Amino acid sequence: MSLLKDQINLEKLPKHIAIIMDGNGRWAKHRNMPRVFGHKNGVTAVREVSEASAELGIEYLTLYAFSTENWNRPALEVNALMSLLVETVKKELKTLNDNNIRLHAIGNLSKLPKKTYDTLMAGIEDTSQNDRMVLNLALNYSAKEEMLLATQRIAEKVKSGVLSSDAIDYSIIEDHLTTSGMPDPELLIRTSGEQRISNFLLWQIAYSELYFTDTFWPDFKRDDLYQAILDYQSRERRFGKISEQITTI
Ligand code: FPP
């Protein structure tokens, strides 16, 4: 039984947690192992954190698994990451269904290799009826690109007369992002000691609490998640108001 878990206030859980999983390469390097070994162990952390999140009652867990910039890595590593994704989705499908977890993905998905795309879509389809938690993988994702594509789609609608430019408001923009329909993350975690956003969910994290930890992603376990949530719960979320105006987070 985890002592940290017991301290979490289940009434004040974030609905949506987003994680920048960083440090797989360095974790492997410390062990004199190839970077891919780090990614493989990163999958163990994905499993553990997904389980822990679902058990707590988190509704959305978004994991930054592959950015548009990650294509610039050596081909060997890119291919290994794509294979790992296919392998993991296939292997974990039963567990996802047994635990009533719905798989979802955001990013420029149609540009993924066909096998990755097809496996991902099959996983999304096979788990579409599950409603306990959404496990949302950001793949070939770039927040700037997401906003650019949304702007282009909105502009097309204005051009064709489907939408008036006066009608464009925050909700119209949100409807055209790949996170459409999801609440914004209240908590964003980044592992491995880096303190950057790296083009992740720029619109959606406008009011997110940021939590940075030195722990490398493969070492990030249940207690690390609980610690992050406890830290989040200890903060006062003011959304621009003053302390006296806040009653609940
Ligand atoms: C960052 O570590 C990690 C990634 C770019 C990939 C994350 C992928 C996984 C955890 C495995 C696949 C995930 C799923 C959901 C099946 P890094 O390589 O940037 O580490 P470094 O900063 O130490 O080099």
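When a ligand or atom number is given, it counts from 1 through the structure's own listing order. Everything numeric here is computed off the predicted structure, so don't read it as measured data.
Tyr60 and His16 have tilted rings, their planes meeting at an angle from 30° to 60° on a 0 to 90° scale.
Paired with Thr88 under the rule side-chain contact (heavy atoms from CB on, under 4.5 Å), one option of Val86, Leu84, Leu85 passes, and it is Leu84. With respect to Tyr211, the side-chain contact (heavy atoms from CB on, under 4.5 Å) criterion is satisfied by exactly one of Ile17, Ile189, Leu188: Ile189.
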Does ligand 1 have any N/O atom under 3.5 Å from a protein N/O, and what are those pairs and their distances?
unit_1	atom_1	unit_2	atom_2	d
ligand 1	2 (O)	Gly23	N	3.4
ligand 1	2 (O)	Asn24	N	3.3
ligand 1	18 (O)	Arg35	NH2	2.8
ligand 1	18 (O)	Arg73	NH1	2.8
ligand 1	19 (O)	Asp22	OD1	3.2
ligand 1	19 (O)	Arg73	NH2	2.8
ligand 1	20 (O)	Gly23	N	3.3
ligand 1	20 (O)	Asn24	N	3.1
ligand 1	20 (O)	Gly25	N	3.0
ligand 1	22 (O)	Asp22	OD1	3.0
ligand 1	22 (O)	Arg26	NE	3.4
ligand 1	22 (O)	Arg26	NH2	2.9
ligand 1	23 (O)	Gly25	N	3.3
ligand 1	23 (O)	Arg26	N	2.7
ligand 1	23 (O)	Arg26	NE	2.8
ligand 1	24 (O)	Arg35	NH1	3.0
ligand 1	24 (O)	Arg35	NH2	3.0

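Between the side chain of Asn97 and the main chain of Lys94, no donor-acceptor pair closer than 3.5 Å is present.
The cluster map of Ile, Leu, Val, Met, Phe, Trp and Tyr, joined by side-chain heavy atoms under 4.5 Å apart, puts Leu96 and Leu139 in the same cluster. Linking Ile, Leu, Val, Met, Phe, Trp and Tyr whenever their side-chain heavy atoms come within less than 4.5 Å puts Tyr117 and Met82 in one cluster.
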